[in-house]
Amino acid sequence: MEFEAVIGLEVHAELLTESKIFCSCTTEFGGEPNTHCCPVCLGLPGTLPVLNKKAVEYAIRAGLALNCNIARFSKMDRKNYFYPDLPKAYQISQYDLPLCRDGYVEIETEDGIKKIGIIRVHLEEDAGKLIHEENGGSSLVDYNRTGVPLIEIVSYPDMRTPEEARLYLTKLKSILEYTEVSDCKMQEGSLRVDTNISVRPVGSDTFGTKVELKNLNSFRAVYKALEYEFKRQAEAIKNGEEITQETRRWDENKGITISMRSKEEAHDYRYFPEPDIVPIVVGDEWIEEIRSNIPELPHQKKERFIKDLGLPAYDAGVITADKALSDFFEKCVELYDNPKTISNWVMGEILRGMKEAEIEASSLPISPEQLVMLQKMVDAGTISISIGKKVFDTMLKTGKNPNDIVEEEGLAQISDEGSLRSTVLKVIENNPKSVEDFLGGKEKAMGFLIGQVMKETKGKANPQMINEIMKEELSKLSKN
Amino acid sequence: MELYEYSVYELISILEKGETNSVEVTESIIENIDKRDGDIGAFLYVDKEGALKAAEEADRLRRDGKSAPFLGIPVAIKDNICTEGTKTTCASKMLENFVPPYDATVVKKLKEAGAIIVGKTNMDEFAMGSSTENSALKKTVNPWDFDRVPGGSSGGSAAAVAASEVPVALGSDTGGSIRQPASFCGVVGLKPTYGRVSRYGLVAFASSLDQIGPFARDVEDAAMLLNVIAGYDKMDSTSVPGRENYFLDGIKDGIKGFKIGLPKEYYGEGVSSDVRESVLAMVKRLEGLGAFVEETSLPYSEYALAAYYIISSAEASSNLARYDGIRYGHRADKFDDLIDLYARSRSEGFGKEVKRRIMLGTYVLSSGYYDAYYKKALKVRTLIKNDFDRAFEKYDVLISPTSPTVAFKFGEKSNPLEMYLADILTVPVNIAGLPAISVPCGLAGGLPVGLQVIGKPFDEKTLLKIAYAVQENTGKLKPEVK
Ligand SMILES: [Zn+2]
């Protein structure tokens, strides 16, 4: 029997508002613990929350970009539970009347475009952070994050493979980044993902028992955990075992999921309407105003890159999937009028460099100005393209300017004809066998000889010139 | 007559004429508190030093030609209203040492109006109770009879005003906590329309019902204090903008032509006959003054008490969850783990009644019970509101007794349900978010009887007019404090 996964995702994204959702404290990340707090976000007795209109606006903007219906009437509710990072012992969230409903996101799978449905997008407040002391047995709480506005985006269980889940997340992240709703930094916790997965025989239209997965700190972790969980559940079903409805934790080091709590242990959050905040009433005019101010979305940018810049569809797709990367690309193109050349750098060296150094496009140590400077040195013949790639690696590690690197490491291309000719003659003299082969009709031997010249010059020789000189000298020999 | 016996408008008059100054007034008040409060127990904290300093400052401002509506007037504050730098305990062990770093909006407004904060008054713990017997910190007696309760939960504020320890005070009213003690102590107590006064800085009991309001020895003073504290506040999104009024205007214009409804359910079983007679006698006199009086009905009021205890306890269970011993408030000395820390801190910090309401509230919100209790209570709330809306199509105000009885004795209401019934005539008003005032209308067995006037939303002016007429026909009542 063949199995398929049924996957749904719950994504929390912190909104990029300047102040918190119910008070005027800053939302800035970091800062000394408990310095971005006031009586309101600390939930001191007698304080009251006042809803930040910007947070509502950002949530609506996200909802519109995700093709949702915006509720003209919604309200906040209290979700009650005790935890030290939650100073009021309830989280102000939305329960039965979320701000946005019934949207979708399109992903590009191998089988074509697929719509992933979105059940709801609702607004809520973030909690603080617990810091457990290594040895001492006590815990500290930092309330800086308390009251930072969040949206929770709940998808329909429309994904059938871990890969589809990854594509959905990538698309969602890029939409939230493009609309400037969230900066989506998973390592700073401004994007958090929970997922649920059940497994069923292919062709079945009923759902299996759902398992929730937590502690997923990267898209890769989401992918790996889903992959693991799919295998685990499929195996269990094959062996006739019952799947337990539970929450499981992804152990990154061991690469497995571990049971956290069963359904019976699930919280009763005792939701009820938040009496301190009046219902949110949204007029058509405001929605249209927000809609008209939505920045360019990834698919729109992709089309523009294909149409206006002449990029291949594939390149345009990859580059626009990442907002920071596409911004980098565009800045380069402003400075250098050959989009395809820039695209080659981005698709090649930059993506490889990001992957190897495990960095995001937003934190690339190379500026668009530096990359353009490097390309211009190649164009001018100061360095070859292959030396250029080496210089790029050094730039990635050090952030230095390419001209400084070329100078410090003496990488400038040798274009002096006299010196190149003497190296060519030296190589011919030292490799009589290859010369003989070439003269005997083996064209390939030429490549070897040129390689030897490159070796002698440590790759700095101007390749076009060596080519010509080598041909010239060899033809002299053949005439003899 | 001693300075401490003066009403606010009398004090303002002699202060403005320069016949006295705020320091003299404040000294007189503090002296009287020193003399009487040992017996009465109205205050949890008296800020002598701060009050005198504020009085000196008020006098200096007055000498400089400055004026403000309450310049140099002493005021007492119920201890669930936050005062920056001064303990705000809610009469609970849980907050025995809690010092808020900010003023409630009403306190801020009072200070801006030049008022002198004399101290903080006793109450039922977290405003849950009808006799102030639930205070974990102090016993307050009724100045009319020391064997009787002052009512609650704002018993301290009511007793302080009744005993002339302070001319006016602030209380809070969730289900009758201003009106019922005002009735028991023979003073005026006003519960404004929900949204009229900012709740910012009022330690929440039941957020959708709580409202801060004034206590005074006469209707004019209540109106003047309401002038100071009313108004939209951007810190409280449930406060209503654009509703500012000057409440003293036309208060003495008479009540000719006003239509008064007497909801029959508020005069029925459970209301003692002497209270009923006292109120009806006053209604007769109002009729004599030209008011139109008619019996009417609010059929759903019968269910108000049940709905009230469900809604208020549900909100309280959530509002009081923050007292967990982690950041401030009482923390148990010994505990095994986090859950144990919560359980012990809360078991030790809260009194019996508070725990009862938290358990009740938690229960009615629990999955499986929510629809049967909380949701149904919200439906009843709508029906009660509709009842009132219908009545107000016909009448300007409704009149009833404030409390079914006069002040009862300590320990008399031994089971909680009996105690809850003390609020049966006041809770429907909170459920519907309406304004209501309790004004003394006579004595029964030597104890004051309160008459409740219920008005349309944001029509406190009419309430005050009617209440003034009642006051004019009652004569001032004053306890003989030994
Ligand atoms: Zn804050």
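Here is how names work: the chains are called A, B, and so on, in the same order as the sequence lines, proteins then strands, and each is numbered from 1.
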| field | Interface moiety of A:Tyr271 toward chain B, non-hydrogen atoms closer than 4.5 Å | value | backbone

| Heavy-atom closest pair, residues A:Pro275 and B:Arg199 | O-NH2, 4.2 Å

| Is there side-chain contact between B:Tyr328 and A:Pro45, with heavy atoms separated by less than 4.5 Å? | yes

| task | Look at A:Leu42, A:Val50, A:Val141 and state which one has the largest set of heavy-atom pairs under 4.5 Å with chain B. | result | A:Val50

| So do the side chains of A:Phe82 and B:Leu338 get within less than 4.5 Å of each other, counting heavy atoms only? | no

| Closest non-hydrogen atom pair between A:Tyr143 and B:Ile326, with its separation | OH-CG2, 4.3 Å

| query | Between A:Asp276 and B:Thr238, what is the shortest heavy-atom contact and its length? | reply | O-CG2, 3.7 Å

| query | What are the two closest heavy atoms between A:Arg78 and B:Glu315, and how far apart are they? | reply | NH1-O, 4.2 Å

| task | May I ask you to decide if the ring planes of A:Phe272 and B:Tyr374 are parallel, tilted or perpendicular, using 30° and 60° as cut-offs? | result | perpendicular

| message | Between B:Tyr369 and chain A, with a heavy-atom cut-off of 4.5 Å, which part of the residue counts as in contact: side chain, backbone, both or neither? | response | neither

| Taking everything shown except A:Lys88 itself, do over 12 heavy atoms lie less than 6.0 Å from its NZ? | yes

| request: Using a cut-off of 6.0 Å, state whether more than 12 heavy atoms not belonging to B:Lys93 lie near its atom NZ. | output: no

| query | Does atom NZ of B:Lys376 have more than 12 heavy-atom neighbours, drawn from other residues, nucleotides or ligands, at distances under 6.0 Å? | reply | no

| message | A quick test of your reading: do over 12 heavy atoms of other residues, nucleotides or ligands sit less than 6.0 Å from CG of B:Asp336? | response | yes

| message | Within the supplied structure, the quantity of interest is the number of heavy atoms (other residues, nucleotides, ligands) at a distance under 6.0 Å from A:Tyr95 OH; does it exceed 12? | response | no

| said: Taking CD in B:Glu348 as the centre, count heavy atoms belonging to other residues, nucleotides or ligands within less than 6.0 Å. Is the count above 12? | reply: yes

| query | Does the side chain of A:Val40 come within less than 4.5 Å of B:Tyr200's, by heavy atoms? | reply | yes

| task | Taking atom OH of B:Tyr342 as the centre, report whether more than 12 heavy atoms of other residues, nucleotides or ligands fall under 6.0 Å from it. | result | yes

| note | Whatever's closer than 4.5 Å to a heavy atom in chain A on B:Tyr194 counts as side chain

| By a 4.5 Å heavy-atom criterion (distance strictly below it), what part of B:Ala206 contacts chain A: side chain, backbone, both, or neither? | neither

| field | Segment of B:Lys375 engaging chain A (4.5 angstrom heavy-atom cut-off) | value | neither

| message | Please give me the minimum heavy-atom distance between B:Met235 and A:Leu48, naming the atom from each residue. | response | O-CB, 3.6 Å

| Roughly how far apart are B:Phe98 CZ and A:Leu44 CG, rounded to 0.5 Å? | 5.0 Å

| Of the backbone (N, CA, C, O) and the side chain (C-beta and beyond), which part of A:Tyr90 lies under 4.5 Å from a heavy atom of chain B, both, or neither? | side chain

| query | Is it the backbone or the side chain of B:Thr362 that comes under 4.5 Å from a heavy atom of chain A, or both, or neither? | reply | both

| request: Let me know if B:Asp210 has heavy atoms under 4.5 Å from chain A in its side chain, its backbone, both or neither. | output: neither

| said: Has A:Asn80 got a side-chain atom pairing as donor or acceptor with B:Ser318's backbone, closer than 3.5 angstrom? | reply: no

| said: Using only atom types and a distance under 3.5 Å, with no angle test, would you say the side chain of B:Arg322 pairs donor to acceptor with the backbone of A:Gly43? | reply: yes

| Is the side chain of B:Ser366 donor-acceptor paired with the backbone N or O of A:Arg270 at a distance under 3.5 Å, no angle test? | no

| message | Can you list everything that forms a side chain to side chain donor-acceptor pair (under 3.5 Å) with B:Thr382? Sequence neighbours excluded, please. | response | none

| query | Within a reach of under 6.0 Å around NZ of A:Lys210, are more than 12 heavy atoms found that belong to other residues, nucleotides or ligands? | reply | no

| Heavy-atom pair with the smallest gap, counting every atom of A:Pro49 and B:Ser237 | O-OG, 4.0 Å

| query | Checking B:Pro101 against chain A: side chain, backbone, both or neither under 4.5 Å from a heavy atom? | reply | side chain

